[in-house]
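To start, the structure under review is shown below, and the notes come after it.
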Amino acid sequence: MRLSLPLLFSIVGLMSCQKKSLPVISERKTEPPKILSVYPPPGTVVPDTLQGKQVFINRCNYCHGLPEPMQFSIAKWEGILELMIPRAGIRQENAVHVRAYVLANAAK
């Protein structure tokens, strides 16, 4: 038995339009990973603005133009640092210094 080409395409088309069943997760076997802070626990590292400035200049200038700390407010910098510290590969110990430098020089 020979099927015509349009009939074959129609059959394949109808088969591809059937709803696919998706797996349902009814219970979680493990807890979702906790989001870790980009900063070490409070009190473990004393912030140093001079060291923060060095890290800021070296790491932030590596990928894009170096922004001026006065360019943004403290609140805006907090959000920027949360995003950019992991992207820049800045270690937690140095993140404290960068944060101290940037926030000390941010727009008031």
Side-chain angles (χ1 to χ4, degrees):
M1 179 172 133
R2 273 186 104 170
L3 292 176
S4 68
L5 200 53
L7 180 62
L8 180 62
F9 283 128
S10 298
I11 292 171
V12 171
L14 287 173
M15 289 175 53
S16 66
C17 291
Q18 290 180 347
K19 252 188 169 178
K20 310 279 189 282
S21 64
L22 297 174
V24 177
I25 300 173
S26 58
E27 63 183 60
R28 201 178 282 279
K29 301 219 185 301
T30 60
E31 288 297 316
K34 293 182 181 178
I35 297 174
L36 300 175
S37 174
V38 296
Y39 307 109
T44 57
V45 178
V46 177
D48 180 357
T49 56
L50 291 177
Q51 188 173 351
K53 182 178 181 179
Q54 269 186 328
V55 174
F56 180 77
I57 290 170
N58 291 334
R59 299 300 297 175
C60 300
N61 200 30
Y62 185 76
C63 294
H64 53 76
L66 197 59
E68 286 293 324
M70 295 235 10
Q71 190 174 350
F72 301 110
S73 67
I74 290 174
K76 183 75 173 175
W77 270 117
E78 289 286 9
I80 293 169
L81 292 173
E82 286 284 328
L83 279 172
M84 295 307 296
I85 285 174
R87 285 184 177 181
I90 297 173
R91 294 180 307 170
Q92 283 185 330
E93 305 82 49
N94 288 331
V96 171
H97 306 311
V98 171
R99 181 175 182 264
Y101 165 71
V102 170
L103 297 186
N105 297 291
K108 304 297 181 215

Once you round to the nearest 0.5 Å, how far does CG of Asn105 lie from CD1 of Ile74? 10.0 Å
Can you tell me if Glu82 has over 12 outside heavy atoms packed within less than 6.0 Å of its CD? yes
Rounding to 0.5 Å, atoms CE (Met84) and NE2 (His64) come to a distance of 4.0 Å
Contact summary for Ser37 and Gln92, nearest pair of heavy atoms: O-NE2, 3.0 Å
Please name the pair of heavy atoms, one in Val96 and one in Tyr39, separated by the smallest distance, quoted to 0.1 Å. N-CD2, 4.1 Å
For the student: nearest non-hydrogen atoms of Pro69 and Trp77, plus distance: O-NE1, 2.7 Å
Determine, using the 4.5 Å side-chain heavy-atom cutoff (strictly less than), whether Met70 and Leu103 are members of one ILVMFWY cluster. no
Atom of Gly52, atom of Tyr101 and distance for their closest heavy-atom approach: C-CB, 3.8 Å
Which heavy atom of Gln51 sits nearest to which heavy atom of Asn94, and what is that distance? NE2-OD1, 3.4 Å
Do you know the tightest heavy-atom contact between His97 and Val45? CE1-CG1, 3.6 Å
Go through it in stages, so that I can follow the logic: the residues are Val98 and Leu81, the test is side chain to side chain contact (heavy atoms under 4.5 Å, CB included), and I'd like the CA-CA distance, side-chain angles, deciding distance and then a yes or no. CA-CA 9 Å; Val98 171; Leu81 292 173; 4.1 Å; yes
Not counting sequence neighbours, which residues clear side-chain contact (heavy atoms from CB on, under 4.5 Å) with Asn61? List them please. Leu66
Would you please name every residue forming a side chain to side chain donor-acceptor pair (under 3.5 Å) with Glu78, sequence neighbours left out? Arg99
